[in-house]
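Here is the naming used below: chain letters follow the sequence lines, and residue numbers restart at 1 for every chain.
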Amino acid sequence: MKEKLEQIRAAVESALKNADAMEALEDIRIKYMGKKGELTAVLKGMGKLSPDERPKIGALANEIRQKLEREIDERKTAIAAAIEAKKLEDEVIDVTMPGRKNDEGKLHPLTQVMNELKEIFMGMGFSVADGPEVEYDYYNFEALNIPKNHPARDTQDTFYIADNIVLRTQTSGMQVRVMEKTKPPIRIIAPGKVYRSDTQDATHSPVFHQIEGLVVDKNITMADLKGMLEMFVKKLYGEETRVRFRPHHFPFTEPSAEMDYSCFNCGGKGCGVCKGEGWIEILGCGMVHPKVLANCGIDPEEYTGFAFGIGLERIAMGKYSINDLRLFFENDLRFLEQF
Amino acid sequence: MKLPMSWLSDYTDIGGIDPKSYADRLTMTGSKVEGVENLGADIDKVVVGQVLTCEMHPDSDHLHVCTVDVGEGEPIQIVCGAPNVAAGQKVPVALNGASLPGGVKIKKGKLRGVLSNGMICSADELGIENSRLGYEPEYGILVLPDDAEIGGDVKDLFGLNENVVEFEITSNRPDCFSIIGLARETAASFKKPFSVHKPTFTEAGGDINDMIGIEIIDKDKCKRYSSRVVKNVKIAPSPKWMRERLEACGVRAINNIVDITNYVLLEYGQPMHAFDIRDLAGRRITVRRAGDGETIKTLDGQDRSLTSDDLVISDAERAVAVAGVMGGFNSEIKDDTTTVVFESAMFDAASVRLTAQRVGLRTEASSRYEKGLDYNNTVPALDRACELVQELCCGEIVTGMIDVMGNVEPPVEIKFRPDKINAFLGTDVSVEQMCDIFAALRIEVDMNSMTLYPPSFRPDLRAEADIAEEVARFYGYDRIPTTLMSGAATSGILTPEQRTERDIAAILTSQGMYEIYTYTFQSPSVLDKLNIPTDSPLREQVKITNPLGEDTSVMRTTMAGSMLQTLGRNFNYKNKSAKLFEIGRVYIPTEAGRLPDENPTLMIGMYGNVDFYDVKGAVEEIFERLHISDAEFERVTDNPVYHPGRTAGISIKGRRVGIIGEVHPSVARNFEIGTKAYMGELDFTAIFKAAKHDVKYRQLTRFPSVTRDFSIVVDKMTPVAAIEKVMKKAGGKLLSKLELSDVYTGKQIPSGKKSVMYKAEFKAPDRSLTGEEADNLHAKIVKNLGRELNAELR
């Protein structure tokens with residue numbers, strides 16, 4: 001009996017050595033340990049043994065059986081792993097082939113830049129106001145301290161609809177519209193189209209976009225104007241960006257300034273992008289003129305404020321190195337796809 | 001405004017300040033420098049030489065071989081081809097390695113075998129024009145004056161070692177349109193002393209009142225008229241120093257009298273005019289309004305027609321100048337002029353501006369007048385002109401001045417509140433510092449009454465904020481601290497409209513569409529191209545009265561034209577397909593003198609591998625995102641822009657909110673789109689209003705659904721919307737989903753019919769639906785379809 005068991009063990013172990021597929025292993029299991037298997041038969045024949053032998057032989061048989069089962073399982077695991085490894089190897093793909101894309105479109109570069117600016121200003125507590133492009137002369141000029149025949153009207157060649165109606169030449173009229181309706185504290189930006197009768201060329205367009213900003217509250221100072229706009233530029237162009245404020249003239253702000261930022265290309269050393277100056281002009285700004293406040297029914301002795309106007313195209317052209325303004329309005333897909 | 005830096009030394013001291021530092025500082029105090037030009041920058045190593053010997057070239061019939069003393073080392077040998085070269089002359093010599101205008105480099109070399117160590121130059125080669133020389137040089141080399149120092153830099157002889165600073169002067173600073181004004185700013189910027197000498201001259205007898213009478217009729221338009229007469233005038237070229245300064249400022253030298261008026265214009269910023277007294281009929285000057293239709297021939301030889309709003313200078317008979325704009329042809333200074341009347345006047349800014357616009361003339365004088373000049377400047381300028389006449393020995397000043405006043409504005413007084421200024425600027429500038437700035441700017445301070453009196457040449461200083469700006473400019477914008485605002489907090493959020501706009505743009509780009517920006521004005525003929533009938537309300541457009549051209553003369557009432565132009569352009573650029581959108585505005589007139597309605601509009605357009613259902617799908621996606629479930633599409637056959645069989649109107653609650661469809665082939669052709677194009681135009685506001693913003697969660701059901709397929713045959717012209725309407729009604733609440741799976745015409749389907757297949761899902765919220773219930777619903781739906789649409793099961 002014992003010999004028979006040892007024979008079976010030897011036979012199985014030798015069979016296992018040659019088995020290299022799942023089927024072969026299963027065959028071995030069935031042949032020896034299946035219902036009619038050889039080992040099973042031995043175990044079934046245990047009853048014929050003497051009570052003395054039975055525990056000994058039984059223990060041996062079980063030990064052999066467990067060992068064989070374990071070995072078969074181990075082989076199975078090994079073979080399964082080998083099969084999987086082979087499968088994985090077969091499934092190799094060329095990862096350098098192009099991905100499958102959902103053909104998405106894109107927002108116009110001006111919208112992308114506009115959204116970026118909006119986000120920056122909204123983060124600083126500004127809300128976004130909207131107003132008419134066809135505007136009364138009053139809002140575009142008169143209320144902004146630019147009476148008829150004021151030489152400042154020269155620099156903004158105006159399209160007229162009627163004697164009292166123009167295509168707005170600046171978003172600054174929104175200052176007046178907002179102040180008429182809202183009591184301080186006011187913090188708004190007003191983006192939109194503006195119109196000037198300039199013939200279209202690489203740097204001029206009869207339609208372009210501005211973002212007007214307005215802050216009115218008690219105790220607003222020119223130092224606040226500087227702080228706010230410096231923060232804006234640092235958020236737009238990075239913390240290391242420097243700004244400078246140059247005195248300038250706008251009829252509706254006093255004092256007025258133009259703001260330059262250190263050239264993104266050369267960092268201020270002077271290069272082709274900044275025409276050797278190291279600075280690039282980005283916006284006009286100033287303290288809201290007391291007359292403008294008064295025109296809107298806000299007491300300039302109690303409240304002060306500042307306003308600024310940013311040219312959207314100028315920023316987008318700088319950001320994307322676009323050298324021709326007309327591209328924005330031509331809408332050639334080969335252009336739009338790039339942003 | 002151009003400023004030769006050397007001119008500043010007449011009034012202040014800028015010794016040791018290089019042009020770059022000068023430009024930077026003035027820019028930071030508010031006089032923006034556009035650029036600095038070094039006049040002689042392209043001339044280098046050209047010196048004064050003396051021709052010692054001049055022999056004919058042995059091998060040429062026109063070349064000369066000269067030895068020239070150039071002040072350094074041995075005389076050098078130069079071969080020169082000019083016919084006028086001769087021994088003894090002082091000449092400009094370009095040495096070996098010299099540069100000349102136009103990028104010319106001079107190198108030594110051999111000319112027909114003879115060594116030449118440089119070049120003797122002509123005026124042309126040096127780029128020196130006759131007006132700078134003051135005469136027309138003979139043909140050939142430029143012969144220099146005998147007193148020119150041998151070896152000296154030729155540029156010094158012609159005022160070419162000069163840096164000219166070009167300023168951008170803002171419209172509020174008429175005083176800076178003068179050398180003196182810029183010198184004052186310069187002195188204040190560098191904290192240097194500043195003074196203008198008082199012009200002096202001697203009167204030569206006679207009495208001006210015997211020679212001319214002056215009267216101002218319109219005292220509002222003419223604020224002051226000051227005049228002197230110069231007799232025994234000898235017209236001649238003005239001296240070199242004056243010509244050089246005029247040239248550096250971009251003013252051409254003409255003759256001494258004209259040059260003096262131009263010189264004073266530049267120096268004092270005060271326009272002056274000189275009349276030949278022979279041409280003043282009745283020896284009278286009257287400052288009056290023109291008669292309507294009165295004409296004058298101006299200095300430039302043009303006839304100008306005037307109106308009664310225009311101010312003229314008139315003699316006893318006729319206008320002799322358009323006041324503040326240009327003198328008359330008939331009274332100009334001539335070579336034989338002997339007696340001159342100088343005008344130094346102040347005219348109303350707005351009046352000059354309007355007249356200059358009306359007659360289409362913008363002159364040095366008018367551009368200054370229209371910004372508002374200083375009535376206290378007419379007499380000093382006039383005196384300066386007389387001083388120059390004496391200095392140039394070109395005439396004698398008749399005794400006496402006529403100085404007539406018009407109506408001038410009273411001087412401005414401003415309360416001086418230093419604390420308020422500091423609070424406004426966010427600074428801590430001391431009263432002493434402020435007073436130093438005021439002194440430099442000639443703003444008078446009365447510390448007892450705390451009152452400021454700005455000078456009359458600063459019309460921009462009218463209120464406290466203007467004074468604050470002066471303090472800020474010279475204290476330094478860069479020294480104002482940067483602070484973060486205190487005060488009440490505000491929140492920055494988008495309005496629901498703005499958010500919806502952003503959402504729609506996101507949906508459309510996610511479907512492969514590109515956003516475009518188009519012009520909002522266009523040609524009225526765009527509507528013709530769109531087949532819009534002549535009586536359509538879309539023809540009522542907002543018109544621009546002064547358009548750049550026909551192409552941009554009306555505001556659009558539909559965005560279809562803008563889109564089609566863009567599609568056409570892309571087709572023309574051979575872009576195979578295009579899917580575009582824009583959220584823009586259309587402009588609908590209201591009543592005369594009132595603003596039009598500006599209606600935000602969503603425009604979609606595409607061509608290429610697309611059809612009607614791509615546009616419709618895009619619109620449906622928007623509706624789904626905005627939770628608009630009650631939009632209805634119905635066929636539209638009569639919109640002239642669109643294909644009569646492939647166009648749908650979109651309505652929400654019975655109101656038309658938009659249209660989508662295939663572009664009518666004739667319209668597509670009109671816009672040069674050589675393929676089928678598709679568009680949609682939607683009223684953004686209507687869509688926004690229909691959007692459901694308060695979405696509520698519906699309980700998820702754990703009970704399974706049962707699906708049934710429907711395959712029916714209906715009339716080919718029956719829209720699926722009608723089928724779905726019947727099915728939804730018959731299916732009731734238990735019909736949870738209805739999906740069109742196929743539409744088929746062709747074999748096995750009778751002609752005039754189509755097969756339509758749906759997959760329907762039935763579901764109850766509170767129990768499992770049985771197969772039998774689903775079968776019953778299926779039967780009911782089929783029955784109703786049969787009854788109402790004559791549909792048959794297939």
Side-chain angles (χ1 to χ4, degrees), chain A residues 103-108 110-111 121-128 132-134 136 149 151-152 159-162 164-165 185 187 193 197 199 206-207 215 217-224 226-228 230 244-249 254-255 257 287 289-290 304 328-334 336, chain B residues 27-30 32 170-172 350 353-354 370-371 424-426 463 465-466 468-469 472-473 477-478 480-485 487-494 498 505 509-510 512-520 542 544-546 548 552 566 569-570 573 575 578-579 587 593 595-596 598:
Chain A
D103 235 352
E104 285 218 8
K106 283 168 181 170
L107 293 176
H108 194 280
L110 290 177
T111 301
F121 281 110
M122 289 197 315
M124 299 193 286
F126 285 72
S127 46
V128 183
E133 293 164 19
V134 186
Y136 289 116
N149 303 317
F159 289 119
Y160 278 88
I161 302 298
N164 65 331
I165 298 175
R187 251 185 233 193
K193 286 189 166 59
S197 62
T199 310
V207 185
V215 172
D217 201 351
K218 285 178 182 163
N219 306 320
I220 296 288
T221 69
M222 191 154 172
D224 293 332
K226 284 185 68 182
M228 166 71 76
E230 184 177 316
R244 72 168 186 186
F245 291 79
R246 280 182 287 107
H248 197 69
H249 170 64
E254 190 77 27
M287 300 300 289
H289 199 291
T304 50
F328 289 124
F329 300 98
E330 201 178 29
N331 300 302
D332 186 337
L333 267 174
R334 293 167 299 176
L336 298 175
Chain B
T27 293
M28 292 309 288
T29 57
K32 189 178 181 197
T170 51
S171 64
N172 61 326
R353 187 182 138 85
L354 281 176
E370 68 178 35
K371 291 177 180 74
F424 187 58
L425 296 176
D466 304 320
E469 179 171 81
R473 284 203 299 136
Y477 275 26
D478 52 339
I480 297 174
T482 55
T483 53
L484 293 178
M485 298 183 285
T490 52
S491 64
I493 52 165
L494 291 176
Q498 290 160 352
T509 51
S510 77
M513 283 186 226
Y514 284 85
E515 189 191 19
I516 60 171
Y517 273 50
T518 59
Y519 279 0
T520 47
V542 174
I544 298 166
T545 58
N546 59 333
L548 283 174
T552 51
T566 309
R569 196 174 299 127
N570 275 286
Y573 289 155
N575 290 322
K579 292 162 79 178
Y587 306 80
L595 299 185
E598 297 183 18

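For Thr552(B), no part lies under 4.5 angstrom from a heavy atom of chain A. Contact annotation for Tyr587(B): only side-chain heavy atoms (C-beta onward) come within less than 4.5 Å of a heavy atom of chain A. At a 4.5 Å heavy-atom cutoff, the contact between Ile493(B) and chain A is made by backbone atoms alone. Residue Met28(B) touches chain A through both its backbone and its side chain, counting heavy-atom pairs closer than 4.5 Å. Looking at Asp466(B), the atoms closer than 4.5 Å to chain A (heavy atoms on both sides) sit in the backbone and in the side chain alike. Contacts between Arg244(A) and chain B at a heavy-atom distance below 4.5 Å involve the side chain alone, from C-beta outward. For Asp103(A), the part sitting under 4.5 Å from any heavy atom of chain B is the backbone (N, CA, C, O) and nothing else. Looking at Asn575(B), only its side chain comes within 4.5 Å of chain A, counting heavy atoms on both sides. At a 4.5 Å heavy-atom cutoff, the contact between Phe328(A) and chain B is made by backbone atoms alone. Of the atoms belonging to Thr566(B), it is side-chain heavy atoms, and not backbone ones, that fall under 4.5 Å from chain A. Using a 4.5 Å cut-off between heavy atoms, Pro206(A) touches chain B through backbone and side chain atoms alike.
Summarising the geometry of Leu425(B) relative to Ala468(B), their closest heavy-atom pair is CD1-O, 3.7 Å, with the distance given to 0.1 Å. Closest heavy-atom contact between Pro132(A) and Leu595(B): CG-CD1, 4.2 Å. Taking each heavy atom of His108(A) and Leu336(A) in turn, the nearest pair found is CD2-CD2, 3.7 Å.
Remark: side-chain polar atoms of Glu254(A) are not paired, donor with acceptor, to backbone N or O of Glu469(B) under 3.5 angstrom. Under the 3.5 Å distance criterion, the side-chain polar atoms of Glu515(B) are left unmatched by any main-chain donor or acceptor of Leu107(A). For the pair Arg569(B) (side chain) and Glu330(A) (backbone), a donor-acceptor distance under 3.5 Å is present.
Between chain A and the options Ala472(B), Ala350(B), Ala465(B), heavy-atom pairs under 4.5 Å are most frequent for Ala465(B). Looking only at heavy-atom pairs under 4.5 Å with chain A, the residue among Thr170(B), Ile480(B), Leu484(B) that has the most is Ile480(B). Ranking Phe329(A), Tyr136(A), Phe245(A) against chain B, the residue ahead of the rest is Tyr136(A), based on heavy-atom pairs under 4.5 Å. Of the listed residues (Ile161(A), Ile220(A), Val207(A)), the one with the most heavy-atom contacts under 4.5 Å to chain B is Ile161(A).
His249(A) has its side chain within reach of Ser171(B): a pair of non-hydrogen atoms, C-beta onward, lies under 4.5 Å apart.
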